Amino acid sequence: MSEKENSKSFMSSMMSWIDRRFPVTENLERHLTKHPVPKKVNFYYLFGALLMVVFMIQVITGIWLMMFYTNTEEGAFASIEYIMRDVEYGWLMRYMHSTGASAFFFLMYFHMFRGLLYGSYQKPKELVWLFGCFLLFLLMAEGFLGYVLPWGQMSYWAANVILSLFGAIPYIGPDLQVWIQGDFVLSGITLSRFFALHVVVVPLLMIALVVFHIFALHEVGAGNPEGVDIEKHRDAKGMPLDGAPFHPYKTFSALPAMGIFFIVFFAIVFFAPTGGGYLIEKPNFEEANFLKTPDHIAPVWYYAPFYSILRAVTFGIPFLGITSKFLGFIIFAASIAILFVVPWLDRSNVQSIRYKGIYSKIAMILFASSFITLGYLGTKPVNELRTLIAQICTIFYFAPFILMPIYTKYEKTLEVPERL
Amino acid sequence: MKKFLILLIPLSIFIYSAGENKCGSLEKCDYYSADVHDTYSLQRGLGIYMNYCSTCHTLELLRWNRLQRDLDIPETILIEDLIANPDIKIADYMTFGLPEVSAIGAPDLTLRTRVRGEDWIYTYLRTFYEDPEQLTGTNNLVYPGTSMPNILVGLQGIQTLDNDGTIKLKSEGSLSRAEFDDSMKDLVNFLAYASEPARITREKNGIFVILFFIIFTAVMWLLYREYAKEIK
Ligand code: HEM
């Protein structure tokens, strides 16, 4: 026997030894080398892979930051500046982490919009979508918790705004707020519990959900912008005719996308890490001071659309004892909750916007333009006109979903082709 | 309907009312974006800081030896001329022996440039004018009612406010207007450096990281194209 064959048989007997005890080969084939993905998809289908990349960036840079960060009221702000100045490459870790947060949301919003456009939430992908929605919720919580940690002015006062929403819940509100804060005011106690949640609890849940998300997706198979079911036509070996193995075809299409992502990402990290005050807000370079409220409290851009919805509610329901603040909180929560039920709102017989009718198209334009407008308004101080526009946009945000069961059922759709 | 909606986006930009970009009592700050790569300018800025600002303002997050390294300052000059105090070590922060809380409320300046913005600082330093109603005898267009005295008056000369709200030079200082503006640019450069010393390396080396990813993308793109051919 030649040396080469010898080593080969050693490798394969080693693999079968492992495979009998731990299914490595089976899973590699199931998820990578034999897992079929549609041949033809567009750039929207790359955001999921980029989300995984950003998640990894956040975990790695986060671990580094955690080594030097101090989670106390006295030490937090100074420890961030210590990281920025005295820790080797600390500034890089911090800017990557802060830019990564924005990138995470940016990619997430596109990833979800893809789902809405191409009906990726439809049967049998409801759970893929649902796990995704939980991930959005967790990411929003994670971002909020993390934003408090530098203990700057905006950390403090933005957190106050959000915590006071819990306080606005009738009857239990004030006690609930104190319970969450662990103190009568937002203090160092709150900071250190937020730290624990930000670095352990939420990331662990997110990792679990990403795994569920991918497992569910690989169970039912990835979609495509045409909404064609590739499982229908298979070759003799059972591989879908319009499919290709995940590895190498999908993996190698993700790499140039990753390259482009990193070019943009590092351009921001190195040349505009504060993003003109939109990625790291100016008041956050001043330590939290509970005696001094900043002139204008603005959320970071990625919360701005939701903050706008919150502020757009300027009225309550007095006879039910519901204040405008609490109603705002309810509608803000509803704006996220409504995403969870989208799979059951869509009654269309086609998946993709390409074959849906005119009302679905109008609905998507309505939704997207109101989301962007709300986002813009959320970063600005209120005035009467802006509040009015925010109110109109809030209606336009909800209308596409609320009316979905009606227009998707009755509108005229186009015939979906058999093959990709 | 659809057109109306598409109108919403530009509309929301129009309602961007003036006033939010306001620079104190001015409509807008004079544009200035700091350059931290001109070491001589940073040194000149440091000089102005040491002569005029360090009597009241600390730089409590900047260490002497970091300054020495980044601004190429010879050790003897650092120890004898700048620190000039045998009790202070070179790894200490630049607090100039000032109390932690300033008697007249002068804030620490290490991070102020990041809080206010470079434009704001640059404009603020140049818009002091005579105002007998103020305790200090001067007032400021960008920060009306500031308790900071106009310590730069000797360089800039005395300015007064006209009835139409513009500033006039009443008597000459030791510098011409252009020279004074340049000095203030040096000072803002120095302050921008102090607020983020890593900015020097950040802006210098970022381009290599980006070049790396441009090459990476190109190679990966070619690789992807080869694979994509197989499934066409
Ligand atoms: C941590 C956040 C997330 C990660 C890491 C992630 C990752 C991925 C990956 C890798 C894919 C397959 C590739 C692709 O289609 O782009 C995918 C597909 C999908 N994701 Fe996510 N995702 C995240 C959040 C979300 C959210 C918030 C939603 C929506 C609420 C969502 C909905 C979907 C859907 C519907 C698909 C299937 C698309 C199809 O094949 O038709 N994901 N996700």
Side-chain angles (χ1 to χ4, degrees), chain A residues 39-40 78 81-82 84-86 89-92 95 152-153 243-244 248-249 251-267 269-271 273-274 277 280 282-287 296 361-362 365-366 369-370 372-374 376-377 380-381 383 385-386 389 392-393 396, chain B residues 1-2 4-17 19-20 60-63 66 107-108 110-117 120 195-199 201-228 230-232:
Chain A
K39 264 183 191 174
K40 263 192 250 154
E81 279 306 316
Y82 168 69
M84 294 294 289
R85 289 158 187 271
D86 292 341
Y89 292 105
W91 58 271
L92 183 59
Y95 284 152
Q153 272 288 68
Y249 300 104
T251 34
F252 278 102
S253 70
L255 285 171
M258 240 160 81
I260 292 169
F261 169 75
F262 275 124
I263 292 171
V264 178
F265 179 74
F266 281 114
V269 166
F270 283 99
F271 297 107
T274 58
I280 301 178
K282 283 180 181 169
N284 240 23
F285 288 106
E286 192 170 2
E287 189 168 7
H296 167 51
K361 289 177 183 154
I362 294 176
I365 294 172
L366 255 173
S369 51
S370 56
I372 294 170
T373 311
L374 284 167
Y376 170 79
L377 294 171
K380 300 282 158 213
N383 62 29
L385 180 59
R386 284 183 187 154
I389 295 180
I392 295 170
C393 286
F396 287 168
Chain B
M1 185 70 172
K2 205 158 143 187
F4 165 60
L5 290 166
I6 294 172
L7 269 178
L8 270 185
I9 298 171
L11 190 73
S12 62
I13 289 160
F14 278 120
I15 52 170
Y16 188 98
S17 68
E20 277 142 33
E60 65 183 16
L61 295 167
L62 188 61
R63 295 178 197 276
R66 176 79 191 241
D108 178 77
T110 344
L111 289 169
R112 286 318 282 178
T113 317
R114 302 202 86 173
V115 176
R116 294 291 197 180
W120 192 98
S195 72
E196 192 196 1
R199 180 164 165 187
T201 27
R202 170 162 77 71
E203 290 180 350
K204 229 186 246 164
N205 297 326
I207 195 66
F208 300 111
V209 176
I210 288 167
L211 279 177
F212 169 80
F213 279 105
I214 288 174
I215 296 166
F216 173 88
T217 308
V219 173
M220 290 305 152
W221 172 256
L222 293 175
L223 201 60
Y224 160 69
R225 239 185 23 184
E226 286 306 306
Y227 278 107
E230 291 174 18
I231 53 170
K232 269 283 140 57

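Please read all numbers here as calculations on a predicted model, not as lab measurements. Proteins get letters first, then strands, A, B, ... in listed order; numbering begins at 1 in each. For the numbers below, each heavy atom of this structure counts, side chains included, while hydrogens, waters and symmetry mates do not.
For the residue pair B:S195 and B:L111, the shortest heavy atom distance occurs at O-CD2, 3.6 Å. Contact detail for A:R386 and A:P381: the closest heavy-atom pair is NH1-O, 2.6 Å.
Proximity to chain B (any heavy atom under 4.5 Å) is restricted, for A:T274, to the side chain, taken from C-beta onward. With a 4.5 angstrom heavy-atom cutoff, A:E81 touches chain B only via side-chain atoms. For a residue to count as touching a neighbouring chain, one of its non-hydrogen atoms must lie under 4.5 Å from one of that chain's; by this rule B:L222 does not touch chain A. Proximity to chain A involves both the backbone and the side chain of B:Y227, based on heavy atoms less than 4.5 angstrom apart. Residue contact with chain A, scored on non-hydrogen atoms closer than 4.5 Å, involves the backbone and the side chain of B:I214 alike. Residue contact with chain A, scored on non-hydrogen atoms closer than 4.5 Å, involves the side chain of B:V209 exclusively. Proximity to chain B (any heavy atom under 4.5 Å) is shown, for A:Y82, by neither the backbone nor the side chain. Neither the backbone nor the side chain of A:V264 comes within less than 4.5 Å of any heavy atom of chain B.
Ranked by non-hydrogen atom pairs under 4.5 Å with chain B, the options A:G277, A:A254, A:P283, A:S253 are led by A:S253. Between chain A and the options B:R225, B:R116, B:R112, the largest number of non-hydrogen pairs under 4.5 Å is found for B:R112. Among the candidates B:A228, B:P197, B:P107, the residue making the largest number of heavy-atom pairs closer than 4.5 Å to chain A is B:P197. Each of B:K204, B:E196, B:R199 has some count of heavy-atom pairs under 4.5 Å with chain A, and the biggest count is that of B:E196. For chain B, the option among A:M84, A:H296, A:K40, A:K282 with the highest count of heavy-atom pairs below 4.5 Å is A:K282. Most heavy-atom pairs under 4.5 Å with chain B: of the set A:D86, A:N284, A:V269, A:L92, this distinction falls to A:D86.
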- Message: Working note: A:F396 + A:T373, criterion side-chain contact (heavy atoms from CB on, under 4.5 Å); need CA distance, chi angles, decisive distance, verdict.
- Response: CA-CA 11 Å; A:F396 287 168; A:T373 311; over 6 Å; no
- Message: Go through it in stages, so that I can follow the logic: the residues are A:I280 and A:F285, the test is side-chain contact (heavy atoms from CB on, under 4.5 Å), and I'd like the CA-CA distance, side-chain angles, deciding distance and then a yes or no.
- Response: CA-CA 9 Å; A:I280 301 178; A:F285 288 106; 3.9 Å; yes
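Counting heavy-atom neighbours within 6.0 Å of A:K39 NZ, excluding the residue itself, gives a total above 12. Within 6.0 Å of CZ in B:F213 there are more than 12 heavy atoms belonging to other residues, nucleotides or ligands. Enclosure of atom CZ in A:F271 by more than 12 non-hydrogen atoms of other residues, nucleotides or ligands within 6.0 angstrom is indicated.
Using a 4.5 Å cut-off on side-chain heavy atoms (C-beta onward), A:F262 and B:T217 make no contact.
With values rounded to the nearest 0.5 angstrom, B:F216 atom CZ is found 15.0 Å from B:L211 atom CG.
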